[in-house]
Amino acid sequence: MTEARSKARASHHTADEMQRPTVAVALVLAVVTAFALHALVAAPTLRQAAEAELARVIADEDRDVCGQFGLRPGTSSFVACSRELANVRRKQSDRDQAAAAGIL
C-alpha cells in the first residue's frame, strides 16, 4: 500500500514538472509574438522618421557646403549647388553599390 502511494505521488510531481516548462514556453512565445506585432506596427513610422532625418541631414549639408561658397538658400545658385551635390551623392552611392557587389 505504501508503494502505491509513493507511485501516485511520483506521477503527480511529474505532471507538475511537465507543466512548468509548458508555461515557460507559452510565456516566451507570447513575449516574442508581442515584440513581432510591435515591430510590424512600428515599422512604417520608424521608416518615415528615418527618411525625414535623412532629408534633414542632406538639407543641412547642402546649406553648409553651398554656404561656404556664398550661396544663400532660396537663390537659383543655391538650387544649382544642391542639385550638383545630389549628383555627387548619387554617383558615390552607385560606386558604393558596385563595390559591395564586387564589380569595383
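Quantities reported herein were computed from a predicted structural model and do not represent experimental measurements.
- R63 contributes atom CZ, which lies 12.0 Å from atom CD of Q68 (distance to the nearest 0.5 angstrom).
- Checked by atom type, the side-chain pair Q92/R89 shows no donor-acceptor distance below 3.5 Å.
- Annotation: the span from D64 atom CG to L85 atom CG amounts to 10.5 Å, rounded to 0.5 Å.
- Two residues are said to be in side-chain contact when any heavy atoms from C-beta on lie closer than 4.5 Å; E51 and L54 fail this criterion.
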Fill in: Check against salt bridge (Lys or Arg N to Asp or Glu O under 4.0 Å), D94 and K91
CA-CA 5 Å; D94 292 345; K91 288 177 184 178; over 6 Å; no
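- Across every non-hydrogen atom of S82 and C66, the tightest pair is N-SG, 3.8 Å.
- Taking CG from L40 and CZ from F35, the interatomic distance works out to 13.5 Å, rounded to the nearest 0.5 Å.
- Between H38 and V41 there is no side-chain heavy-atom pair separated by less than 4.5 Å.
- Across F69 and V65, no two heavy atoms sit closer than the pair CD1-O, 3.2 Å.
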